2 protein chains.
Amino acid sequence: MKRIADSTVRRLSMYLRYLEDLDARGQKTASSDELALLCHTTPAQVRKDLSFFGSFGKRGLGYPVHDLTSQLRHILGLEHEWKVVIIGAGKIGAALANYRGFRQRGFRIEGVYDVSPDKIGQPWGEAIIRSMDSLADDLAGQDSVIAVLAIPSDDAQSVVDTMIAAGVRAILNFAPAQIVVPAHVSLKSVNMAMELEGLSFALTNNHGYRGVA
Amino acid sequence: MKRIADSTVRRLSMYLRYLEDLDARGQKTASSDELALLCHTTPAQVRKDLSFFGSFGKRGLGYPVHDLTSQLRHILGLEHEWKVVIIGAGKIGAALANYRGFRQRGFRIEGVYDVSPDKIGQPWGEAIIRSMDSLADDLAGQDSVIAVLAIPSDDAQSVVDTMIAAGVRAILNFAPAQIVVPAHVSLKSVNMAMELEGLSFALTNNHGYRGVA
DNA sequence: GTAGCTTTGTGAAGAATTTCACAAGCTCCT
DNA sequence: AGGAGCTTGTGAAATTCTTCACAAAGCTAC
C-alpha cells in the first residue's frame, strides 16, 4: 500500500467525527462538498483522501453516510477497543483520564502508572496508581495498547524505554522532550509550549499568516 | 516577507529549546549538523529554516549559540511576556495552568474564566474563577493575550465569539470541535482524540508508517 | 429510454516543502 | 601569508501534498 500522509489520517479522523453526527441525525448520504464544508477543506481533498482506500461513493449521489462511517472506522483501526494506559498520575494524566472524547471513541482507560513511590498504591479516581515495574506483567499478552506519557521531560526517555521493553508499541507523548523510539514503535508528540509559541509567532509576524484549525 | 510554513515555525521552536540548553551549559557555537542531530532533522533543513530570517552563522564555525538564542526568541516573538487566560476551569484547564513549560517560556497565566455560574467566584489555585462577562473589561487595553480554550465542544464556538468580541486575537483550542475565526485571529487546535486515532491507524496499518516525534 | 442534472474518481498540473550539492567564507596551522 | 579543513547559505532538483478539470456514472423526470 502507498504511504498515507499524516495530514490525510487527521482528515479521515475528522470526516469520521462529522459522519457520525450525520448518521446519528439519520442523514443517508453526504457529498464531498458537504463534508468539505463541515471540515473546512475542499471537495477534491475529501475525494482524494477517500480514494486512497477505495471508492465508497456513488456518482451523482454522494457517499452513503452509515456505510462510510464503518469503512472509516475500519481504516482507522477503530473497530475494536483500544486499551489506554496513562503513565504519570499528575494533573495532565488526570485531565486525560477525564477527557470525554477518549471513551466516546473506543479508547478505554485501563490503568494509571507512575514512577514516584509516594504515588504508587494511592487511589486515583476509580483506579489505583500502579508501579511501572508491574507494567510488563499487566500488559503480558495484551495486544492493542496505547500508552499516554504524561510525566516531566527529564524522565521521559527512560520511562519510554521501560514501556517499550514492556511491549508497548504506540505512545502519545505529552512531555516536551524529543523521544527516540525503535522503528516498530509509533510515537506522536503533543507539545503545548510549541503550540503557544506558534501563536506568538503568528501574532508577532502577522503578514497574512494564519493558524491551523 | 515570504510566508513561513507552520512546520518551519515548529522547528524554530525546537531549535530554541535545544539552544537554550546548550547556552546554559556554556557551549559557544553549534553547527547545523549538531542541531539537526538534537532535533531529529537534517542539517540542510536547519540551515534553510534559519536562512528565511537572516544569516546567523559563521562559515567553518557554526552558529553562535547565545546570539542565535536571542535571535530566535525575537523571531518567535518571545522577547516580552505573554498573558495567557484559561477559559474553562475544568480538569484540562487545571492541567494547563500547572504545566511547567508555559511559565518557563514566558507565558504567564493571568486568569481563569468559566461560563458555569456554579464555578464563578470559586477559588482555583491562587486565583478566583471569573465570569466570561468580565473578560472584555479585564482585557481592555491589554495587547499580548493568548486565550486557551478548555471547555466542552458544544459551547466552544459561542465562547470563541465572545472572546473575539472581548479583543482576543490568539486562541489555543483544546475542544474537539471545528472552530471558525475571522482572518485577523490566529487559532491552533490540539485534538487529543485525533492523535490517538492516528496511532490507531499506524498500529493497524503498519506498512512502514512512522509516527511523528 | 434518454435528456439533463449531479457527483464521484482520478490523471495531470500546480504549489509547497524538503533535500541536494557546491561555491563562498571563516579559522587554524605551519 | 597560504593552504587545508570545516561549515554556512542558497539556487536547483526532488519529493510530497493539494488543487484542477473532466470523463464516467448514477439518479430523476418525462
Side-chain angles (χ1 to χ4, degrees), chain A residues 1-15 19 22 27-65 67-68 71-72 75 198 201 207-213, chain B residues 1-15 19 22 27-65 67-68 71-72 75 198 201 207-213:
Chain A
M1 195 202 266
K2 220 183 142 211
R3 202 201 108 93
I4 301 299
D6 199 59
S7 48
T8 301
V9 178
R10 303 174 84 85
R11 282 191 300 268
L12 291 178
S13 191
M14 198 154 48
Y15 303 153
L19 284 166
L22 295 177
Q27 187 170 327
K28 293 293 174 242
T29 62
S31 66
S32 55
D33 250 305
E34 185 173 2
L35 277 175
L37 215 61
L38 287 169
C39 299
H40 298 107
T41 179
T42 64
Q45 183 76 78
V46 173
R47 296 200 296 276
K48 181 68 83 181
D49 285 341
L50 294 175
S51 78
F52 287 135
F53 301 95
S55 70
F56 307 113
K58 276 208 170 53
R59 294 173 191 223
L61 192 61
Y63 297 91
V65 172
D67 192 48
L68 185 55
Q71 296 279 1
L72 281 179
I75 291 166
F201 176 83
H207 304 288
Y209 176 93
R210 279 294 305 288
V212 183
Chain B
M1 193 205 267
K2 222 185 140 209
R3 199 202 110 93
I4 301 298
D6 197 61
S7 47
T8 301
V9 179
R10 302 174 84 85
R11 280 191 302 267
L12 291 178
S13 191
M14 198 154 49
Y15 302 153
L19 283 165
L22 294 178
Q27 186 169 329
K28 293 293 174 240
T29 61
S31 66
S32 55
D33 249 306
E34 185 173 2
L35 277 175
L37 216 60
L38 287 169
C39 300
H40 298 108
T41 179
T42 64
Q45 184 76 78
V46 172
R47 296 200 297 274
K48 181 68 86 181
D49 286 340
L50 294 174
S51 77
F52 288 134
F53 301 94
S55 70
F56 307 113
K58 276 207 169 55
R59 295 173 190 223
L61 194 60
Y63 297 92
V65 171
D67 193 48
L68 185 55
Q71 297 280 1
L72 281 178
I75 291 166
F201 177 82
H207 304 290
Y209 177 93
R210 279 295 303 289
V212 184

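On a predicted model such as this, the values are computed, not experimentally measured, just so you know. Chain identifiers are assigned alphabetically (A, B, ...) following the order of the sequence lines, protein sequences preceding nucleic acid strands; residue numbering begins at 1 within each chain.
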A:T42 vs B:A44, nearer the 5' end of DNA chain D by closest nucleotide: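 Residue closer to the 5' terminus by nearest nucleotide: B:A44.
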Quick check for you: to the nearest 0.5 Å, what is the distance between [X] atom [atom1] and [Y] atom [atom2]?
X	Y	atom1	atom2	result
A:T29	A:L68	OG1	CG	11.0 Å
A:T42	A:D33	OG1	CG	9.5 Å
A:R10	B:F201	CZ	CZ	13.5 Å

Closest nucleotide among D:dG11, C:dA12, C:dT8 to the A:K48 side chain: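 Per side-chain heavy atoms of A:K48, the pick is C:dA12.
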Among D:dC17, D:dT8, D:dT19, the nucleotide that comes nearest once only the side chain of B:S32 is considered: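 Looking only at side-chain atoms, B:S32 lies closest to D:dT8.
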Rounded to whole angstroms, how far apart are [atom1] on [X] and [atom2] on [N]?
X	N	atom1	atom2	result
B:R59	C:dC22	CZ	C1'	11 Å
B:R47	D:dG11	CZ	C1'	13 Å
A:D49	D:dT18	CG	P	7 Å
B:F52	D:dT8	CZ	C1'	15 Å
A:R11	D:dT18	CZ	P	4 Å
B:L61	D:dG9	CG	C1'	15 Å
A:Y63	C:dT7	OH	P	12 Å
A:F56	C:dT10	CZ	C1'	15 Å

Give a yes/no answer on whether the side chain of [X] brings an N or O atom under 4.0 Å of OP1 or OP2 in [N].
X	N	result
B:S7	C:dT18	yes
A:Q45	D:dT19	yes
B:S55	D:dT8	no

Given DNA chain C, 5'-ward residue of the pair B:T8 and A:G57, judged by closest heavy atom: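 Residue closer to the 5' terminus by nearest nucleotide: A:G57.
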Verdict with supporting geometry, B:Y15 and B:V46, side-chain contact (heavy atoms from CB on, under 4.5 Å): CA-CA 8 Å; B:Y15 302 153; B:V46 172; 3.7 Å; yes
B:L72/B:F56 under side-chain contact (heavy atoms from CB on, under 4.5 Å): CA gap, chis, key distance, verdict: CA-CA 10 Å; B:L72 281 178; B:F56 307 113; over 6 Å; no
